[in-house]
Amino acid sequence: MEHQHSSQARLSPSSDTEDISGTALLLAPRLAYFAGVARTEHVTRAALEMNVPQSTLSRAMARLEQDLGVDLFARHGRTVSLTPAGRTFLASVERALAEVERAAEEVRADADPATGKVAFGFLHTMGAETVPGLLHAFRADHPRVRFSLVQNYGEAMLEGLRAGELDLCLTSPVPDAPDLVGRRLDEQKLRLVVPADHRLAGRRRIRLAEASDETFVTLEPGYGLRRITDDLCREAGFKPRIAFEGEEAETLRGLVAAGLGVALLPPPTVPRPGVVELTVTAPRAAREIGVAWLADRPDTPPVAAFKKFLLSRRGSLLP
C-alpha cells in the first residue's frame with residue numbers, strides 16, 4: 001500500500017537541531033494517544049481506555065498525520081489498522097514512551113523520602129574519615145537513603161552544583177557567589193609539613209615567614225588549598241617557590257617525606273612517617289570547611305534531610 005502524503009504537511013525532514021526540537025515539541029503530546037489507538041485498532045475503545053473524548057482522540061490522530069505528512073492509519077468504519085508507515089512510527093514511539101516512563105520512575109525513586117538518592121560531593125581530604133563518619137551517623141536514622149559520592153576539588157564541585165550533577169558539597173573555602181548558598185560548618189588548622197631530617201624538624205611551632213626560603217609542594221591552581229597556601233604566604237611576606245604541584249594532599253605529604261619540599265596541609269588521617277608537622281603561629285593558618293548548594297533549587301526530601309543533618313554538625317563536623 002502506498003503512503004498518502006498530505007499536501008498540507010507542516011514539517012519537512014531536516015538535520016537542523018531547531019527543526020528537530022520543534023518537531024518533538026509538536027508531536028510529543030499526541031504520541032501516547034497514537035500508541036493507544038494503534039494498540040486497540042479502534043478509536044472508540046482507545047478513547048474509553050484512556051478516558052478522553054472520542055472526538056478529541058480523532059482530532060489528535062488527524063492532526064498528527066497532518067503534521068507528519070504521512071497516513072498512519074487505514075480507516076475501516078469504526079476500526080483502524082496501521083499502515084506500513086504507522087508500524088514503523090509505532091515501534092519508535094513505544095521505545096520513546098517506555099524511556100519516558102523509566103525516567104519518571106527513576107526520578108520518583110530518587111525523591112522518595114525513605115529510599116531516595118543524594119548526590120554528594122566532597123574534598124579528597126574529607127574522604128578517608130570525615131565523610132564515612134557523617135554517612136554512618138546520618139544513616140542511623142535514614143538507613144535506606146542512597147548516595148552518589150563524588151570526590152573532587154572545590155571549583156569542580158561548584159560547577160557540578162551548577163550543572164545539576166550534585167545536590168550538596170563539602171568544600172573549602174566556603175563559596176561566595178550569588179547563585180550558590182554556602183554555610184560554614186567547621187575549621188581545620190593547617191600545618192607546615194617538613195621532612196623528618198629538615199633543619200626545622202626539631203621545632204614544634206613556626207612563623208610561616210621563617211619558611212620563605214624553602215621550596216614548596218602544593219596542589220594545582222584551582223584547588224581551594226592552593227589558594228589558601230598562596231594567600232597565607234603572601235600574608236607572611238613572600239611568594240612561595242613551588243617545585244611540584246599535585247592533586248591530592250597525601251601525595252604532597254609523600255613528596256615532603258622524600259625531601260622534595262615543604263607543604264601547608266591539613267592534619268593527616270593517620271601519622272605519616274618521614275615528616276614532621278609544625279604548628280603555624282603567624283599568620284593564622286586554617287581553612288574553613290562548609291557545605292554549599294545551588295540557590296533557589298527545590299530539595300527532594302532525602303536531600304533536605306541530609307542538608308539539615310550537615311547543618312546540625314556545625315562546629316563538630318571534623319573528627
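In this text the structure is predicted, and so the values were computed from the model without any measurement.
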Chemist: For a salt bridge (charged side-chain N to carboxylate O under 4.0 Å, His left out) check, start with the C-alpha distance between Asp231 and Arg227, then their side-chain angles and the critical distance, and finish with the verdict.
Modeler: CA-CA 6 Å; Asp231 290 345; Arg227 190 186 322 157; 6.0 Å; no

Chemist: Give, for atom CD of Glu94 and atom CG of Leu31, the distance between the pair rounded to the nearest 0.5 Å.
Modeler: 11.5 Å

Chemist: Decide if the gap between the ring center of Phe34 and the ring center of Phe73 is smaller than 6.0 angstrom.
Modeler: yes

Chemist: Would a hydrophobic clustering, with Ile, Leu, Val, Met, Phe, Trp and Tyr connected at side-chain separations under 4.5 Å, put Val174 with Val181?
Modeler: no

Chemist: To the nearest 0.5 Å, what is the distance between OG (Ser148) and CG (Asp167)?
Modeler: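 Going from OG on Ser148 over to CG on Asp167, the span is 9.0 Å.
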
Chemist: Donor-acceptor pair, Arg253 side chain versus Val275 backbone, under 3.5 Å?
Modeler: no

Chemist: Quick one: SG on Cys169 to CG on Leu158, what's the gap to the nearest 0.5 Å?
Modeler: 5.5 Å

Chemist: Students often mix this up, so state it plainly: with edges at 30° and 60°, are the rings of Phe238 and Phe216 parallel, tilted or perpendicular?
Modeler: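 Tilted.
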
Chemist: Quick one about Thr44 and Gln54 (side-chain donor to acceptor, distance below 3.5 Å, no hydrogens or angles considered), yes or no?
Modeler: yes

Chemist: Return yes if a side-chain donor-acceptor contact under 3.5 Å exists between Arg226 and Thr229, otherwise no.
Modeler: no

Chemist: Any Lys/Arg nitrogen of Arg102 or Glu105 sitting under 4.0 Å from an Asp/Glu carboxylate oxygen of the other?
Modeler: no

Chemist: Between Leu180 and Leu168, is there shared hydrophobic-cluster membership here, with clusters defined by ILVMFWY side-chain heavy atoms closer than 4.5 Å?
Modeler: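 Yes, same cluster.
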
Chemist: Under a 4.5 Å side-chain heavy-atom rule over Ile, Leu, Val, Met, Phe, Trp and Tyr, are Phe122 and Tyr153 clustered together?
Modeler: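 Not linked; separate clusters.
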
Chemist: Could you state the interatomic distance from OG (Ser312) to CG (Leu185), rounded to the nearest 0.5 Å?
Modeler: 9.5 Å

Chemist: Distance check, rounded to the nearest 0.5 Å: Ile228 atom CD1 versus Glu235 atom CD?
Modeler: 12.0 Å

Chemist: Output, in order, the C-alpha distance, side-chain angles, deciding distance and verdict of side-chain contact (heavy atoms from CB on, under 4.5 Å) for Phe89 and Leu64.
Modeler: CA-CA 11 Å; Phe89 191 56; Leu64 178 62; 4.2 Å; yes

Chemist: Would you call Glu99-Arg95 a salt bridge at under 4.0 Å N-O?
Modeler: no

Chemist: Return the minimal non-hydrogen interatomic distance between Asp179 and Leu294, and the atom names on each side.
Modeler: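 Smallest interatomic distance, heavy atoms only, reads O-CD1, 3.2 Å.
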
Chemist: With a 4.5 Å heavy-atom cut-off, do Val256 and Arg272 have their side chains touching?
Modeler: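 Result no, sub-4.5 Å side-chain heavy-atom pair not found.
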
Chemist: For Glu245, does its backbone N or O pair with a side-chain atom of Thr218 as donor and acceptor, under 3.5 Å?
Modeler: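 The answer is no, because no donor-acceptor pair under 3.5 Å joins these two groups.
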
Chemist: Could you list the residues that satisfy salt bridge (charged side-chain N to carboxylate O under 4.0 Å, His left out) with Arg108, not counting sequence neighbours?
Modeler: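 So Arg108 forms a salt bridge (charged side-chain N to carboxylate O under 4.0 Å, His left out) with Glu101.
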
Chemist: Only counting residues at least two apart or in another chain, list the ones meeting ring pair (Phe, Tyr, Trp, His ring centres under 6.0 Å) with His142.
Modeler: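 With neighbours one apart ignored, the set is Phe138.
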
Chemist: Check whether any side-chain heavy atom of Val262 lies under 4.5 Å from a side-chain heavy atom of Leu192, and answer yes or no.
Modeler: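 A side-chain contact under 4.5 Å exists here.
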
Chemist: Is it true that Arg199 and Glu210 have a side-chain N and a carboxylate O under 4.0 angstrom from each other?
Modeler: no

Chemist: I need the minimum non-hydrogen distance between Leu72 and Glu65, along with the two atoms involved.
Modeler: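 What the structure gives for the nearest pair is N-OE2, 2.7 Å.
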
Chemist: In the structure I gave you, are the side-chain heavy atoms of Leu190 and Leu232 within less than 4.5 Å of one another anywhere?
Modeler: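 When only atoms from C-beta onward are counted, Leu232 and Leu190 do touch, with a gap below 4.5 Å.
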
Chemist: With salt bridge (charged side-chain N to carboxylate O under 4.0 Å, His left out) as the rule and sequence neighbours excluded, what pairs involving residues 128-150 come up?
Modeler: Asp110-Arg146

Chemist: Is there a path of hydrophobic side-chain contacts, each under 4.5 Å between heavy atoms of I, L, V, M, F, W or Y residues, that connects Leu225 with Leu170?
Modeler: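 No, because Leu225 and Leu170 fall into different hydrophobic clusters, even though each may have its own neighbours under 4.5 Å.
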
Chemist: Could you tell me which non-hydrogen atom of Ala292 sits nearest to which non-hydrogen atom of Thr171, and how far apart they are?
Modeler: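 Ala292 and Thr171 have their closest heavy atoms at CB-CG2, 4.5 Å.
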
Chemist: Enter the distance from Leu265:CG to Leu219:CG here, rounded to the nearest 0.5 Å.
Modeler: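 Result: 7.5 Å between the selected atoms.
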
Chemist: By the definition side-chain contact (heavy atoms from CB on, under 4.5 Å), identify the one residue from Val118, Val145, Leu149 that meets it with Leu135.
Modeler: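 In the set Val118, Val145, Leu149, the residue that makes a side-chain contact (heavy atoms from CB on, under 4.5 Å) with Leu135 is Leu149.
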
Chemist: Applying the side-chain contact (heavy atoms from CB on, under 4.5 Å) criterion to Leu318, which one of Arg313, Gln188, Lys189 satisfies it?
Modeler: Gln188

Chemist: Spell out, yes or no, whether Phe120 and Met126 are grouped together once hydrophobic residues are joined by side-chain heavy atoms under 4.5 Å, including indirect joins.
Modeler: yes

